[in-house]
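Every chain is numbered from 1 and lettered A, B, ... according to where its sequence line falls, protein lines coming before strand lines.
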Amino acid sequence: MSNLTNLTEVTDLLTAGEPETPQRPKRRSRMVLPKNFGRCALILVPYVWLLVLFLIPFIIVVKISLSDTAIAMPPYTPTFDWAGGWASFKEMVGGWDFENFTWLMEDDLYWKSYLSSLEIAFVSSLLALLIGYPIAYSMARAPAEWRPTLLMLIILPFWTSFLIRVYAWIGILKKEGLLNMLLMHLGIIDDPLTILNTDLAVYIGIVYSYLPFMVLPLYSSLEKMDDSLLEAATDLGCSPFKAFWLITVPLSLPGVIAGCFLVFIPAVGEFVIPDLLGGSNTLMIGKTLWVEFFANRDWPVASAVAVILLILLVVPIVLFQRQQEKQQEKGA
Amino acid sequence: MKRFSFFNASALTLGFAFLYLPIVLLIIFSFNESRLVTVWGGFSTKWYSAVFANKGFMDAAWVTVRVGVVSATLATILGTMAALVLVRAGRFPGKTLFSGMVYAPLVMPEVITGLSLLLLFVSLDFDRGFWTIILAHVTFSMCYSAVVVSSRLVTFDMSLEEAAMDLGASRMATFFQVTVPIILPAIVSAWLLSFTLSLDDLVIASFTSGPGATTLPMKIYSQVRLGVTPEINALSTILVVLVSTGVIAASLLTKRREVQRRREERAAFAES
Amino acid sequence: MNGSPNFGSGCSFAPWADPHEKPLIRFDAVTKKFDDFVAIDNLNLKIYEREFFALLGPSGCGKTTLMRMLAGFEQPTTGSIMMNQEHLTDIPPHRRPVNMMFQSYALFPHMTVEQNIAFGLKQERRPKAEIKERVEEMIALVQLQPFAKRKPHQLSGGQRQRVALARSLAKKPRLLLLDEPLGALDRKLREQTQFELMTIQEKLGLTFVIVTHDQEEAMTVASRIALMEQGKVVQVATPREIYETPNCRYVADFLGDVNIVGGHILGPDDKEEDIVQLAWHEDYAPLRVRLPQPVTFPAKGKEMWIAVRPEKVRITKDYPTDTHNILKGKVLDIAYTGNISTYHVRTEDGQIIKSQEANLEHLHRRAITWDDEVYVHWRAGGCVLLER
């Protein structure tokens with residue numbers, strides 16, 4: 001998820017639910033598509049591609065998560081004997097067990113990294129909301145001719161490399177880095193602070209990287225708001241602050257929810273940020289998976305970690321989808 | 001005329017400072033004479049020469065560009081097909097699964113996508129390298145392309161296609177003479193998006209590449225793990241400036257054309 | 001074809017009245033369903049060569065579906081559509097000698113005016129010189145010579161409409177379909193364009209089918225109007241017939257303003273034998289309607305309605321003479337719309353009758369005003385008797 005780059009389309013998609021065929025009369029569909037052979041080919045090519053390169057790999061992950069570790073290359077058994085047919089399939093299924101999962105349950109390293117992933121993602125979403133709301137609000141209230149430029153400035157970082165933007169923080173946060181130098185120069189602190197390789201650095205990294213995800217849905221819900229609502233509220237005796245609290249905040253709630261999910265979901269599985277900015281005791285599940293795979297070469301356990309991560313993410317994704325659908329119905 | 005209030009101006013200033021300061025500092029220190037990245041030792045462009053002299057970087061860059069161009073092109077074609085299937089194909093068995101497979105990669109953690117593709121390549125006994133990275137990049141980029149193109153197709157005025165057929169164009173002729181030219185901007189941005197996604201990707205490429213195929217992000221990552229170096233700053237600056245210039249130029253161009261178009265529209269109505 | 005059609009007089013062109021005339025288009029028992037929704041319900045219709053045929057009706061009545069079936073964008077669920085004794089049903093849209101002018105104009109935004117007009121000709125791979133000549137001819141026809149190189153967004157609404165017309169005419173279609181062609185234009189331009197359409201149709205001698213929900217437009221341009229309701233054609237007739245002698249209350253009400261009074265057939269009038277009497281209220285004299293020739297009397301006691309247009313209802317303060325139907329009432333409302341005033345008169349039993357008077361002189365002071373006791377009256381020949 002670290003490189004969700006083109007935000008406008010993606011947030012459009014995520015905040016509007018699936019772009020289904022619009023509710024035009026049925027008669028309009030299927031006009032330009034070649035009827036038989038062409039239509040089949042058109043459907044089959046991307047379909048087969050996604051089946052082979054997206055769905056089947058998943059099934060393999062699930063399968064391997066149920067296998068045993070082996071030293072050989074690839075480091076897991078049993079590999080499916082394609083020639084053996086049904087018998088070897090049965091044998092393979094017979095060899096499956098939940099050993100890896102039991103192990104994950106027993107070793108509290110995994111528990112802790114799941115929980116801490118959720119915690120870090122949750123806290124980062126709140127921080128991003130606190131920082132993103134004033135930005136989005138100010139963008140929505142900016143003079144109309146400025147708004148496209150401001151929007152561009154929010155989206156621009158997404159086209160530039162994620163890795164580089166995370167890397168830029170290392171030089172700022174490290175012990176002899178720019179932030180410490182500045183603070184010491186100003187006489188605020190005497191000894192350099194340790195920020196890099198702590199959870200704090202991970203928070204900063206996630207908020208920094210995913211801030212546009214928060215700002216864009218907030219901005220779109222705030223920008224849609226009719227100014228006359230606030231005028232009506234003040235006309236009816238609200239103070240500007242109360243009007244903000246009673247009118248603006250509730251009306252921007254869909255944007256708040258969408259933004260939080262858009263930060264939370266990718267943050268849970270994040271790898272680059274905890275790896276580069278976090279410390280050795282920063283536990284995040286994406287990093288655990290990477291280490292399990294590349295360092296420990298335990299493919300079955302890495303697969304089991306992936307399966308659980310996915311299960312973990314299904315809940316927020318489904319909740320998010322529901323919320324978006326509800327929003328759409330309300331809009332319709 | 002509406003103006004910025006004090007609160008709005010300061011919120012925006014602080015917000016954009018937060019977003020841009022790290023990049024700006026990175027750019028500044030790429031011109032630092034000193035090898036110590038945080039101590040200013042005078043202006044110098046020697047790290048840029050070092051980048052261009054570094055064969056490892058250049059090779060990785062070349063691999064990355066090749067992977068990017070091939071995978072973006074394939075992803076745009078497949079993504080456009082997928083978008084047509086989603087928006088135009090009507091109902092067919094397995095459509096729900098299909099749209100699920102198009103949207104799932106957008107929210108899938110990269111570590112999972114990378115891991116699952118690697119396991120596929122291993123069980124098929126593929127030699128991992130240049131082409132496996134491309135297969136992986138096409139798979140997730142095509143979903144982004146599909147989203148971009150389908151959001152354009154949804155608002156496409158069907159009467160344009162009907163008009164073409166009414167005037168004697170076959171379905172194929174209609175598609176290539178009317179539909180494609182009109183949705184071309186969306187197809188172009190799908191390609192650019194796919195290209196940048198491929199250019200940026202570290203995690204999936206790390207899983208799916210093999211010996212001999214190192215992309216630039218993989219190269220940068222292995223260097224960055226060892227700490228901040230001025231060469232990486234210089235390389236990052238080059239990448240950031242290239243991409244930003246492209247994005248800003250493209251958006252200015254679009255904006256100018258839009259303004260021009262609006263002016264012409266107004267003129268046409270004033271004329272009559 | 002019997003002689004040359006002549007629109008000027010409007011009466012000598014009437015192929016539908018000639019039983020030997022072959023129709024250009026024939027709908028035979030056509031039904032079109034979208035899932036459970038019946039858009040077209042067992043419809044029969046004949047359209048003749050060189051007609052300017054209007055499909056009129058409220059939105060959702062099926063007129064657009066009917067047109068899209070002619071263009072080939074829809075297939076009838078059952079029934080057949082013939083063009084010159086040839087089945088049209090199986091021919092795909094791009095092979096039909098039918099062209100359509102779209103409501104949205106559907107001009108290709110990436111092509112110039114010329115390229116738009118040439119599009120259809122290029123599909124037929126005609127020689128370049130021929131295409132060029134034809135495009136120039138079309139551009140001249142719609143008077144867009146200075147705009148040939150422009151793209152659609154550089155044109156005004158009226159100019160776009162002309163390009164769309166020229167494009168759909170370029171291939172000399174046997175049948176031109178116009179889907180609400182003037183809907184996007186403002187009123188003045190629309191009226192002017194209606195006459196231009198008629199002139200072009202006459203000049204090129206083509207058959208036009210226009211879909212519209214604007215009854216005035218249909219009345220102005222059409223040789224015949226088919227009024228539709230819920231997938232059925234309710235009446236097909238010339239504008240004059242459909243206005244003056246509607247065949248049911250729906251038609252009478254859809255076209256223009258009308259007063260409708262229901263009652264039971266009493267019998268023939270004692271003085272004039274082609275007049276029938278309708279009892280509508282026990283306290284009042286029956287209403288009298290002159291029946292069309294040849295006179296056939298409806299059964300006594302049958303429930304029927306009379307329809308009378310407000311402009312045929314006179315309003316006076318004094319008791320009128322030399323008229324057939326007289327009702328006494330009080331002026332409830334007066335709607336002044338500049339050229340005419342419409343009086344809403346409530347009769348003693350509560351029936352509202354509308355009467356229109358042309359404002360022949362400056363209105364300083366009305367002869368008749370609110371709450372005045374008045375008589376509304378009309379002649380037996382000014383109203384029609386309706387069965388349903």
Side-chain angles (χ1 to χ4, degrees), chain A residues 1-3 5-6 9 12-13 18-19 21-22 28-34 42-43 45-47 49-50 53-55 57-58 60-61 64 74 134-135 138 141-143 152-153 156-157 159-164 167-172 176-178 265 269 271 286 289-290 302 306 310 317, chain B residues 2 4 8 11-12 15-16 19 22-23 25-26 37-38 78 81-82 84-85 87-90 92 98-99 101 107 109-112 115-117 119-120 122-123 135 139 147-148 150-151 154 158 161 171 174-175 179 193 196-197 200-203 217 220 224 228 236 239-240 243-244 247 251:
Chain A
M1 276 311 279
S2 56
N3 43 17
T5 321
N6 189 330
E9 266 88 13
D12 273 1
L13 160 80
E18 294 184 5
T21 325
R28 294 242 156 165
S29 62
R30 229 189 282 187
M31 277 316 305
V32 86
L33 289 188
L42 182 75
I43 293 173
V45 172
Y47 208 125
W49 185 286
L50 286 171
L53 285 152
F54 183 74
L55 196 66
F58 259 122
I60 296 176
V61 169
I64 290 175
I135 298 177
S138 304
R141 315 237 82 202
M152 231 274 296
L153 284 174
L156 182 60
W159 288 91
T160 58
S161 167
F162 183 79
L163 184 61
I164 291 172
Y167 161 73
W169 279 98
I170 300 179
I172 297 172
E176 62 280 17
L178 296 165
I265 292 171
F271 161 72
L289 194 155
W290 181 285
L310 205 62
I317 289 172
Chain B
K2 222 173 125 183
F4 286 102
N8 291 345
L12 288 174
F16 285 114
L19 278 178
I23 301 283
L25 289 173
L26 180 117
V37 231
T38 48
L78 283 166
M81 291 174 86
L84 282 169
V85 172
V87 180
R88 293 285 180 78
F92 59 90
F98 182 74
S99 66
M101 288 195 300
V107 289
E110 288 171 319
V111 279
I112 298 185
L115 175 71
S116 64
L117 281 166
L119 296 179
L120 174 81
V122 167
S123 52
L135 286 179
T139 307
V147 170
V148 173
S150 73
S151 72
V154 163
M158 290 298 290
E161 286 178 5
R171 286 171 199 280
T174 301
F175 183 71
T179 316
L193 178 60
T196 351
L197 286 171
D200 272 5
D201 171 63
L202 163 70
V203 175
I220 295 175
V224 162
V228 181
S236 305
L239 289 176
V240 165
V243 172
S244 311
V247 172
S251 83

Closest non-hydrogen atom pair between A/G269 and B/P109, with its separation: CA-CB, 4.1 Å
Between A/L53, A/L289, A/I317, the one whose heavy-atom pairs under 4.5 Å with chain B are most numerous: A/L53
Region of A/L153 in contact with chain B, defined by heavy-atom distances below 4.5 Å: both
For chain A, the option from B/V247, B/I23, B/L26 that forms the most heavy-atom pairs under 4.5 Å: B/V247
Interchain contact, B/L25 with chain A, by part (heavy-atom threshold 4.5 Å): side chain
Side chain to side chain donor-acceptor pair (under 3.5 Å) involving B/S236 - partner list, sequence neighbours excluded: none
Contacting moiety of A/I172, where chain B heavy atoms sit under 4.5 Å: side chain
Qualifying residues under side chain to side chain donor-acceptor pair (under 3.5 Å), relative to A/S138, sequence neighbours excluded: B/N8
When B/V243, B/T139, B/V111 are compared by non-hydrogen pairs under 4.5 Å with chain A, the top option: B/T139
Contact check, side chains of A/W49 and B/L135, non-hydrogen atoms, under 4.5 Å: yes
A/L42 CG to B/F92 CZ distance, which is reported to the nearest 0.5 Å: 9.0 Å
Smallest separation among heavy atoms of A/L163 and B/P217, with atom names: CD2-O, 3.4 Å
Residue B/F98 versus chain A: region with a heavy atom under 4.5 Å: both
Contacting region of A/I170 [heavy-atom separation from chain B under 4.5 Å]: both
Side-chain heavy atoms of A/P143 within contact of B/F4, under 4.5 Å: yes
A/W290 side, atom CH2; B/E110 side, atom CD - distance, nearest 0.5 Å: 9.5 Å
Over all atoms of both residues, closest heavy-atom pair of A/A306 and B/L115: CB-CD2, 3.8 Å
Interchain contact, B/S244 with chain A, by part (heavy-atom threshold 4.5 Å): both
Non-hydrogen atoms of A/P134 and B/A11 that approach each other most closely: O-CB, 3.9 Å
B/L239, part contacting chain A, at a heavy-atom distance under 4.5 Å: side chain
Under 4.5 Å from a heavy atom of chain B, the part of A/F58 involved: both
Closest non-hydrogen atom pair, B/D200 against A/F162: OD2-N, 3.8 Å
Largest heavy-atom contact set with chain B, pairs under 4.5 Å, which of A/L310, A/V61, A/L156: A/L156
